[in-house]
*Asks:* 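Shown below is the structure under consideration.
Treat the numbers as computed from the prediction; the structure is a model and nothing was measured. Chain identifiers are assigned alphabetically (A, B, ...) following the order of the sequence lines, protein sequences preceding nucleic acid strands; residue numbering begins at 1 within each chain. Because only heavy atoms are used, hydrogens play no part in the values below, and waters and symmetry mates are left out as well, while side chains stay in.
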Amino acid sequence: MDAGPGKIVSQAVCFDQGQDVLTLLRAVAKKTETIDESQFDIPFGGLPLGPKDLPLRHSKRIRKWLDNSPDESVGVGAALFQAPNLPVAQWGRLLRQLARMRLAAHNAKFDLHMSAGGLRGCEDQPPEQGGGLDLSSSVASDTQLTQFVLDPQNSTGLKPTSVRLGLGKELGLNAGTEDAEQQALKPWKGPQTDPRFDLIPWPVIRVYAALDAALTLLLDEHQQGQLDDEAFQFELRHARREFALMKTLYSMERRGIGYNTVASLAQATKARELMEQVASQLPFKPTYPGAQKYFFGPTEDQDGKPTGNLGHLPYDDKITKPSKSHPQGQPQVDEETIERLAAEGVPHAQQFARFAELQSANSKWFQAWADMTGKDGRLRTNHKQASVVSGRLAVSRAQLQAIPQNYQIPDGLTPVRSLFTAKPGHQLWEVDVSQAEIRIATAVARCQPMLDQFNSGQDSHSAACWLMFRDEFERDGFPTVALASQKDEGHPKWHEYRQVSKRCNLGILYGAGAGTVRGEIAKFTGIDYPLKQVRQWVDDWRRAFPPFVRMLDAASRKATQDGWVRLTNGRVRWFSAYEPTHKAANQIIQGSQAETIKDCLVRVDREFPGTVLLCIHDSIVLELPASEAEAVARKVQDILIEEFERAFAKPWERGGPVVIVPFAADCKPWGEPE
DNA sequence: TCGCTATGCGCC
DNA sequence: AGGGCGCATAGCGA
């Protein structure tokens, strides 16, 4: 159960052939240590194991709280506060016992990590001496994932779900239980920014832990009863898919990815030096609000004294959205604003941009990821499987779905991608589906014009370019798309028009209007076309692909009328009451892609165990033995193509033949450009 | 000190 | 009416 941003306490319930609860496992962890540094302090009883590792702030906080609250429950806590852990050997017995059972857990992946991690400082020991044990083959079900499949519209939290289903009444569960729990635990747990579940005395948390364990068991029984019913075959199938995916993600997270902390920290140091040089020349605090004040703030204060601000007029299109604190909206200070200021020769604009990019690179990558890397030199992320509405995977902790492309790296620093390393004798490879979303859109919309282009070997953007600008190409003597795409001999405007077409493809399928498409074109080509011209192009695009237009309309109509749309594998994307439905088509595409890549991931993990490191929406990163790296990567490439083509193959008309939209995949060593 | 919001920006 | 995420920072108010 997630008990706050990245802070977790969870219980696993163990049962044996339907008998009563046998054992509780209480797992505690800190955000930064959930995975690569085990963090068990198990306050099962009052047997001392030595003092806890207590940060000063917590020590102070608890001491203060104890002094001010001399009631009985606190006395119990105070007695247990010093050293409440069980002997290490008991941890080992617990793990061995769990390994022999069938386990149900709410968010099983977390419990698996805790069990496998072992006790702090004992990671390399056998369980009897505090080491971990892999319990993944003992886990039989994950009640949170199953609930996500059974009821995607509601919270999958254990207590809200139980209350909703009327479970646990005999245990005293009611709508207020969760709040009561938060109230009771808060003084011990500390602030949300640094919660310490391991500092909560067992007598304080015991009742809640026991309740969670019992609820998990009740929920599991309830769900399994439902899934036994033939009417729930669909849900059963998808619950099994998610469960299999959970185990794959668990093994990926355990593995982590090699990261060169030494080089990363060297870059961090270099970045800080560069930042200091720049900052010393800036006449304002180098923050976004500071820059806003300097560039756009009044030049004089109320008394007519000069403020040192420049008093630049805000750009009309660069005002933040009105909010409570700023009903008029504020002058926006983003990259583009700064660029414009710099172009006007406004002093310090360029320097501030430089400072901001250096600081961002350090705090997001060079410093942050080095700090997060484990003692084994591996950097680990945490997948969230049941939180994204579209069905995509999300990752937290290290945001390894947003590893910067090389061109994003500030001048003078090393690309972050080059800091990822393979273990000895291995190589990193990435395999990705090319233009997945447009191929999916082609299948979903049954778009014959785009299909024809794919079948003749065109990529989607060249295809759109050809169809949108065909008249002009033909008039100028370029009668085929193949000729027009030749770099040297092609139509002089081919590349410009292809960019325009690409932005139309992506933008319109995402639900963008002409204004946004115009901005995108400007961003990628540097040419700011008149809105009227862009509107014309959007119309050209719509004329070239009538089935896409029909699909966009049909999807949003369905989402408006029914409140949901269906993905390619039958799963449903629900729309909440106030969610705009213009994005419905995009959600079908994005969600269907996510469902398909999940199946690929599980299959690749099964066929090539131990190799998968990351999955980034349409790509899979692998760590492969050097001797056969390319061969395996090619096989994975084939798997992606096969799975995507199969997922989207269907008859395009009633009783007609099955139409297969061709998919393509790229396969290359990690870090190599296209 | 802590929780919250606003802002900006990385990825697909 | 461009979709889906997560993270860092700043600033404000309790």
*Asks:* Please give, in whole Å, the distance from B/dC9 C1' to A/Glu357 CD?
*Replies:*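 Nearest whole value for this atom pair: 12 Å.
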
*Asks:* Looking for any heavy atom pair under 4.0 Å, which part of the strands does A/Val517 touch: base, sugar-phosphate only, or nothing?
*Replies:* nothing

*Asks:* Start with the C-alpha gap between A/Arg498 and A/Asp459, add the side-chain angles, then the distance that decides, and say whether salt bridge (charged side-chain N to carboxylate O under 4.0 Å, His left out) holds.
*Replies:* CA-CA 11 Å; A/Arg498 187 176 178 279; A/Asp459 76 72; 3.0 Å; yes

*Asks:* Answer yes or no: side-chain N or O of A/Gln590 and base N or O of C/dG3 forming a donor-acceptor pair under 3.5 Å.
*Replies:* yes

*Asks:* Using a cut-off of 4.0 Å on non-hydrogen atoms, how would the nucleic acid contact of A/Glu437 be classed: base, sugar-phosphate, or nothing?
*Replies:* nothing

*Asks:* Heavy atoms only, 4.0 Å cut-off, all strands: where does A/Ile403 land among base, sugar-phosphate and nothing?
*Replies:*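 Sugar-phosphate: the residue A/Ile403, judged by heavy atoms under 4.0 Å, touches backbone atoms but no base.
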
*Asks:* Establish, from distance only, whether the side-chain atoms of A/Gln267 and A/Thr414 form a donor-acceptor pair under 3.5 Å.
*Replies:*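 Yes - a donor-acceptor pair under 3.5 Å links their side chains.
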
*Asks:* What's A/Gln332 touching, base or sugar-phosphate or nothing? Going by heavy atoms closer than 4.0 Å.
*Replies:*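 The answer is sugar-phosphate, as A/Gln332 gets under 4.0 Å only of primed atoms, P, OP1 or OP2.
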
*Asks:* Tell me: CD1 of A/Ile440 to P of C/dG4, nearest whole Å?
*Replies:*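 After rounding, the gap between these two atoms is 16 Å.
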
*Asks:* Under 4.0 Å between a side-chain N/O of A/Ser363 and OP1 or OP2 of C/dA8, yes or no?
*Replies:*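 Result: no.
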
*Asks:* Heavy atoms under 4.0 Å, any strand shown: does A/Gly513 hit a base, just sugar-phosphate, or nothing?
*Replies:*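 Sugar-phosphate, no base atom in range.
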
*Asks:* Tell me whether the OP1 or OP2 atom of C/dG6 has a side-chain N or O from A/Ser396 closer than 4.0 Å.
*Replies:* no

*Asks:* May I ask you to verify if any side-chain N or O of A/Gln399 is less than 4.0 angstrom from the OP1 or OP2 atom of C/dA8?
*Replies:* no

*Asks:* Please report the distance, rounded to the nearest Å, between NZ in A/Lys583 and P in C/dC5.
*Replies:*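 Rounded to whole Å, this separation is 8 Å.
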
*Asks:* Does B/dG10 have its OP1 or OP2 closer than 4.0 Å to a side-chain nitrogen or oxygen of A/Gln401?
*Replies:* no

*Asks:* Whether the A/Arg272 and A/Gln367 side chains hold a donor-acceptor pair (N or O, under 3.5 Å, no angle test) is what I'd like checked.
*Replies:* yes

*Asks:* Show each protein N/O and nucleotides 10-14 of chain C N/O combination with a separation under 3.5 Å, one pair to a line.
*Replies:*
residue	atom	partner	partner atom	Å
C/dG11	OP2	A/Lys285	NZ	2.9

*Asks:* Need one value for A/Gln330: base, sugar-phosphate or nothing, where a base atom within 4.0 Å counts as base even if backbone is also close, heavy atoms only.
*Replies:*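 Answer is nothing: A/Gln330 stays at 4.0 Å or more from every strand.
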
